[in-house]
Trainee: 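Questions regarding the structure given below will be posed in turn.
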Amino acid sequence: MMCLCFSTIAATITLAITPHFTRFCDESLATPVCTIIWIAPRMQNDIAEFKAISDQLAHKFGKDFAQQARNNTNGAVDPRIKNKITMQQPSPVLVEQYLIEIAAAHNIPFEPKQEYLMGEDYLGSSSHGSSGGGSGDLPAPA
């Protein structure tokens with residue numbers, strides 16, 4: 001995904017460096033530029049070049065634009081990348097479902113916390129006739 005952002009910028013950089021676009025980010029570049037500026041502080045320990053590139057883009061398009069991109073107040077950050085980077089704790093229901101399946105797969109007695117599963121249909125339920133072994137129907141963890 002990030003390669004696509006960089007490719008888009010590289011393909012249209014001649015448009016971006018013309019004097020006419022000095023402080024204006026073309027609409028076709030808004031998503032990749034904002035995504036790179038947004039992701040830079042989150043990935044700078046892993047990829048040091050993101051900070052340098054982000055700083056150059058901030059210099060090119062202005063502090064206000066860069067601040068909007070960092071906070072995603074303009075909503076231009078690619079949502080697929082944002083979802084992959086944003087840390088979200090899994091729901092207690094999902095955790096219990098995984099624990100049920102792991103215990104069933106290894107024939108380990110496990111009593112799920114009912115307050116998490118109230119009203120939820122889960123794969124380890126006796127109503128499903130689970131006889132051990134994971135069914136593989138649970139979504140992959142985020």
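Computed from heavy atoms alone, side chains included, the values below leave out hydrogens, waters and symmetry copies.
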Trainee: Does a side-chain heavy-atom distance below 4.5 Å link F61 with I37?
Mentor: no
Trainee: Between P112 and I100, what is the shortest heavy-atom contact and its length?
Mentor: CB-CD1, 3.8 Å
Trainee: Looking at side-chain heavy atoms only, is the closest gap between F110 and I102 below 4.5 Å?
Mentor: no
Trainee: How about I85 and M43: do any of their side-chain heavy atoms sit closer than 4.5 Å?
Mentor: yes
Trainee: Please find the pair of heavy atoms, one from E96 and one from K113, that lie closest to each other, and give the distance.
Mentor: OE1-N, 3.1 Å
Trainee: Between D78 (side chain) and R80 (backbone), is there a donor-acceptor pair under 3.5 Å?
Mentor: yes
Trainee: Quick check for you: to the nearest 0.5 Å, what is the distance between N74 atom CG and D64 atom CG?
Mentor: 11.5 Å
Trainee: Could you check if a side-chain atom of F65 sits within less than 4.5 angstrom of a side-chain atom of C34, using non-hydrogen atoms only?
Mentor: yes
Trainee: Of the non-hydrogen atoms in P90 and V95, which two are nearest, and what is the gap between them?
Mentor: CG-CG2, 3.9 Å
Trainee: Within this structure, what is the CG-CD1 distance for the pair L99 and I108, rounded to the nearest 0.5 Å?
Mentor: 10.5 Å
Trainee: Between NZ of K82 and CD1 of I39, what distance do you get to the nearest 0.5 Å?
Mentor: 12.0 Å
Trainee: How far apart are the closest heavy atoms of K51 and Q44, and which atoms are they?
Mentor: CD-OE1, 3.2 Å
